[in-house]
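Step one of this worksheet: look at the structure below.
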Amino acid sequence: MTSILAKGAAAIAALFLFHGAALAGQQDFTIANETGYALKHIYVSESANEKWDEDILGRDVLDDGEEFELSFDKAEKTCKWDMKVIYDDGESAVWQNLNLCKISKLTLRWNKNTGVTSASIE
């Protein structure tokens, strides 16, 4: 994989504004890995945070075709989050300002022709 740093993060983030049945303050969502490769690390941090929080996978790996459900504390009010995924070969992709109050599922795909990881939402 060449550089798979996600292009168009702003465009993807804008899509989040038009999709979403989730109620405000409800950030729970599912990450679906349809990249063709294992994801070794996934980080989700508040957009205002300058550092990544802990790896949400811990010691696990999210293999291709698998899903991971991420749940937030009900008291959490922040909607804007950043996400970073790292493949098992060390390549990464980042999305910024994702409005997690507006999504229920984020499906990741890697395009071998362009070398770009993209995300679609439900």
Side-chain angles (χ1 to χ4, degrees):
M1 282 183 276
T2 57
S3 175
I4 56 173
L5 192 57
K7 291 183 179 179
I12 292 170
L15 289 175
F16 285 88
L17 298 174
F18 300 107
H19 295 82
L23 299 173
Q26 183 179 358
Q27 302 87 352
D28 296 358
F29 74 107
T30 300
I31 301 168
N33 181 7
E34 294 184 12
T35 63
Y37 299 91
L39 298 175
K40 188 172 182 178
H41 304 285
I42 301 176
Y43 302 95
V44 178
S45 298
E46 289 184 32
S47 290
N49 193 348
E50 293 184 19
K51 295 184 180 181
W52 292 107
D53 290 340
E54 292 183 32
D55 178 8
I56 63 173
L57 293 178
R59 293 183 180 188
D60 293 334
V61 171
L62 187 63
D63 287 320
D64 181 52
E66 292 185 337
E67 294 184 348
F68 182 85
E69 293 183 15
L70 182 60
S71 297
F72 288 77
D73 187 285
K74 293 195 183 290
E76 180 62 58
K77 299 296 182 199
T78 303
C79 288
K80 298 286 181 142
W81 295 80
D82 297 340
M83 184 174 81
K84 179 179 183 177
V85 299
I86 301 178
Y87 288 92
D88 57 359
D89 68 356
E91 294 289 335
S92 64
V94 175
W95 292 268
Q96 296 177 319
N97 293 313
L98 301 174
N99 188 343
L100 297 185
C101 294
K102 302 272 186 181
I103 66 168
S104 61
K105 186 174 185 179
L106 186 62
T107 302
L108 307 179
R109 293 181 179 89
W110 183 70
N111 183 323
K112 70 178 183 177
N113 294 325
T114 63
V116 173
T117 301
S118 63
S120 59
I121 62 162
E122 293 179 29

Discussion item. For Leu108 and Trp110: C-alpha separation, side-chain torsions, deciding distance, then whether side chain to side chain contact (heavy atoms under 4.5 Å, CB included) applies.
Written reply: CA-CA 7 Å; Leu108 307 179; Trp110 183 70; over 6 Å; no
Discussion item. Test side chain to side chain contact (heavy atoms under 4.5 Å, CB included) on Asp82 and Val94; report intermediate values, then the result.
Written reply: CA-CA 7 Å; Asp82 297 340; Val94 175; 5.5 Å; no
Practice prompt. Before giving the answer on side chain to side chain contact (heavy atoms under 4.5 Å, CB included), spell out for Tyr87 and Thr35 the whole-Å C-alpha distance, their side-chain angles and the decisive distance to 0.1 Å.
Written response: CA-CA 10 Å; Tyr87 288 92; Thr35 63; 3.3 Å; yes
Worksheet item: Can Arg109 and Thr117 be said to form a side chain to side chain contact (heavy atoms under 4.5 Å, CB included), step by step?
Response: CA-CA 6 Å; Arg109 293 181 179 89; Thr117 301; over 6 Å; no
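If you take NZ on Lys84 and CD1 on Ile42, they are separated by 13.0 Å, rounding to the nearest 0.5 Å. A distance of 8.5 Å separates OG of Ser104 from CD1 of Ile121, quoted to the nearest 0.5 Å. Rounding to the nearest 0.5 Å places NZ of Lys80 at 10.0 Å from CG of Leu100.
Considering every non-hydrogen atom in both Thr107 and Lys105, the closest pair reads OG1-CE, 3.9 Å. Scanning both residues, Ser92 and Ile86, for their nearest heavy atoms gives CB-CG1, 4.0 Å. Minimum interatomic distance between Val44 and Met83 (heavy atoms only, all atoms of both residues): CG2-CG, 4.0 Å. Taking every heavy atom of both residues into account, Asp28 and Ser71 meet most closely at OD1-CA, 3.3 Å. Considering every non-hydrogen atom in both Leu57 and Leu39, the closest pair reads CD1-O, 3.6 Å. Counting all heavy atoms, side chain and backbone alike, Glu76 lies closest to Gln27 at O-NE2, 3.3 Å.
Ring orientation note: the planes of Tyr43 and Trp52 are tilted relative to one another, at an angle of 30° to 60°.
Aromatic ring centres of Trp81 and Phe29 lie farther apart than the 6.0 Å criterion allows.
Side-chain contact between Val85 and His41 is absent, with no heavy atoms from C-beta onward closer than 4.5 Å.
In summary, the side chains of Asn97 and Ser47 do present a donor paired with an acceptor at a separation below 3.5 Å, with no hydrogens or angles considered.
Put simply, the side chain of Asn33 gets close to the backbone of Tyr37: a donor and an acceptor are under 3.5 Å apart.
Among the candidates Asp60, Thr30, Ile56, the single residue satisfying the side chain to side chain contact (heavy atoms under 4.5 Å, CB included) test with Phe68 is Ile56.
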